[in-house]
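Below is one structure; the comments refer to it alone.
Below, each value reflects all heavy atoms present in this structure, side chains not excepted, and no hydrogens, waters or symmetry copies.
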Amino acid sequence: MLGSAGSGTELCLRSSTTGQATPPCTGSESGNFGALQVAQWGNPDMGTENLPCNLNKSDQLAVNISVGADHFIRVWDGADVVDTCAEPFGPNTLPTFQGISGGLFGGMITGETVNGTFFEGRLGKGTTAKLALKQNNNYYYVDNVPLWEYIGYGKTGLAPLSCIRESFDDIVKLPDGYENAEARPATCLTDYAAGYVDLFDLDTDGDDVFDIVGSPRYRVVPQFVEQGFPSGDSGNLHISGFRAVFVNGLYFGCDGTDCSLVVTPGATTGQVTLPNGSSPLDQITGYLLPNAALPDDLIENGVNGELAAYAVRLSG
């Protein structure tokens with residue numbers, strides 16, 4: 001996340017050279033737009049122990065998306081510690097590279113085998129309800145649980161009306177219910193402000209782990225000091241803090257003006273067929289969740305109440 005990203009907004013997380021100009025994305029992008037070149041340090045808990053530190057761009061991005069950073073990173077303190085294969089302790093500055101090739105599709109959906117190790121697609125992880133994506137004779141299963149299903153019950157009068165879980169449940173029972181409900185999270189997060197109760201505190205099995213943590217769409221990512229991406233082939237970004245993101249829209253088969261398929265969680269069940277192309281995922285969007293909407297257990301009791309990367313399950 002750039003420093004300019006605001007809480008509660010739906011952000012364009014990636015748009016290719018054929019991206020669609022549908023908010024929050026603004027159309028085709030080229031050059032350096034922030035794909036992180038995070039080195040693999042070799043963490044057996046995340047399956048990266050057999051990988052070389054530097055991989056080709058596509059493989060490196062796929063691994064980073066699948067498992068997250070496999071080592072500790074921290075907030076920039078004014079002195080650059082760049083994440084490199086020299087393995088400095090606690091890097092606070094992350095390199096970026098130009099272009100991302102097929103790493104997005106592999107890291108998010110199909111999974112990818114790198115140096116003999118298979119890294120599962122991020123959205124296929126976990127035990128949440130899944131949607132089948134069919135491509136030729138292959139099937140890929142991705143999380144299909146929308147953001148509102150992680151909102152706790154009983155918040156009437158304590159949260160904006162647009163955020164009340166019971167009202168979401170009523171809407172989805174109606175014809176075209178999911179289609180009518182899918183715009184409401186954006187409204188809810190826009191209406192939400194400090195002073196309301198936590199939103200995403202649902203714990204259906206009572207194990208003291210909030211359900212949203214088990215969603216493969218929920219990740220904690222660095223937010224940077226910089227307001228824009230470096231120009232040219234590469235550059236470094238300085239970590240100002242950590243923020244929670246919920247991946248929402250998947251845009252397939254885009255041609256610069258339109259996309260042949262847009263998938264959002266919960267809107268479709270069963271199976272959908274992907275358009276032709278070896279890497280048809282051109283664009284993704286996600287919600288930047290307000291810190292105040294998350295339970296305190298997920299927030300560091302430190303300066304600015306930032307989310308603590310080392311306290312959250314980056315590897316799923």
Side-chain angles (χ1 to χ4, degrees), residues 1-15 19-27 29 108 123 128-129 131 142-153 155-156 158-202 210-213 215-221 223 243-252 254 258-259 261-269 281-295 298 307:
M1 298 290 103
L2 291 172
S4 56
S7 290
T9 53
E10 186 174 9
L11 303 172
C12 190
L13 300 179
R14 190 280 200 239
S15 184
Q20 179 187 15
T22 298
C25 295
T26 56
E29 298 285 352
M108 277 286 181
L123 296 184
T128 56
L131 172 70
V142 299
D143 173 82
N144 201 33
V145 181
L147 179 60
W148 70 76
E149 292 198 17
Y150 298 103
I151 296 176
Y153 289 95
K155 299 184 185 300
T156 301
L158 303 174
L161 291 175
S162 56
C163 298
I164 302 305
R165 172 63 186 275
E166 289 84 347
S167 67
F168 280 103
D169 290 353
D170 290 339
I171 290 171
V172 297
K173 294 175 183 176
L174 302 174
D176 299 320
Y178 275 95
E179 180 179 342
N180 294 328
E182 65 181 351
R184 283 175 61 96
T187 303
C188 163
L189 295 176
T190 300
D191 293 344
Y192 186 87
Y196 289 115
V197 296
D198 295 341
L199 285 181
F200 304 106
D201 58 354
L202 191 66
F210 300 105
D211 292 358
I212 195 169
V213 175
S215 170
R217 294 178 180 270
Y218 172 85
R219 292 292 90 189
V220 172
V221 302
Q223 185 167 29
R243 301 296 306 274
V245 169
F246 188 88
V247 174
N248 188 55
L250 306 175
Y251 294 71
F252 297 93
C254 303
D258 196 12
C259 296
L261 176 67
V262 180
V263 176
T264 55
T268 304
T269 58
L281 179 59
D282 292 303
Q283 208 162 267
I284 61 173
T285 64
Y287 294 114
L288 180 55
L289 304 181
N291 282 359
L294 296 163
L298 299 182
L307 290 172

Side chains of Leu189 and Pro290, heavy atoms from C-beta outward: is any pair under 4.5 Å? yes

On a heavy-atom basis, the closest approach of Val263 and Phe252 is CG2-CE1, 4.0 Å

Rounded to the nearest 0.5 Å, the CG atom of Leu11 sits from the OG1 atom of Thr285 at a distance of 8.5 Å

CD1 (Ile164) and CG (Asp170) are apart, to the nearest 0.5 Å, by 11.5 Å

Is a side-chain donor or acceptor of Tyr192 paired with a backbone partner of Leu289 at a separation under 3.5 angstrom? no

Hits for side-chain hydrogen bond (donor to acceptor under 3.5 Å, both in side chains) against Asn144, two or more places apart or cross-chain, chain-then-number order -> none

Between Cys254 and Asp282 the two heavy atoms that sit nearest each other are N-OD2, 2.7 Å

Looking at Arg217, is its backbone amide N or carbonyl O close enough to the side chain of Asp143 to form a donor-acceptor pair, meaning the two atoms are under 3.5 Å apart?
no

In this structure, OH of Tyr218 is separated from CD1 of Ile212 (nearest 0.5 Å) by 6.0 Å

When every non-hydrogen atom of Val262 is compared with those of Cys259, the smallest separation belongs to CG2-CB, 4.3 Å

| Going by heavy atoms in the side chains, are Asn291 and Ser7 under 4.5 Å from each other? | no

Worksheet item: Got Phe200 and Leu147 here, is their nearest side-chain heavy-atom distance under 4.5 Å?
Response: yes

Q. Would you say the side chain of Leu199 lies within less than 4.5 Å of the side chain of Lys155, judging by non-hydrogen atoms?
A. yes

In terms of heavy-atom contacts, Pro216 and Thr128 come closest through CD-OG1, 3.9 Å

For atom CG of Leu174, decide whether the heavy atoms of other residues, nucleotides or ligands shown that lie under 6.0 angstrom number more than 12.
yes

Between Phe210 and Leu294, is there a side-chain heavy-atom distance shorter than 4.5 Å?
no

Between Ser162 and Cys188 the two heavy atoms that sit nearest each other are OG-CA, 3.3 Å

Given 3.5 Å as the limit, does a donor-acceptor pair link the side chain of Gln223 with the main chain of Leu2, or not?
yes

| task | Could you please spell out the steps behind the side-chain contact (heavy atoms from CB on, under 4.5 Å) verdict for Arg184 and Phe168? | result | CA-CA 8 Å; Arg184 283 175 61 96; Phe168 280 103; 3.3 Å; yes

Heavy-atom side-chain proximity of Leu13 to Met1 below 4.5 angstrom
yes

Side-chain donor/acceptor of Arg165 to backbone N/O of Glu149, under 3.5 Å = yes

On a heavy-atom basis, the closest approach of Phe246 and Ser215 is CE1-OG, 3.6 Å

Review point. Under a 4.5 Å cut-off applied to non-hydrogen side-chain atoms, are Leu281 and Leu250 in contact?
Key: yes

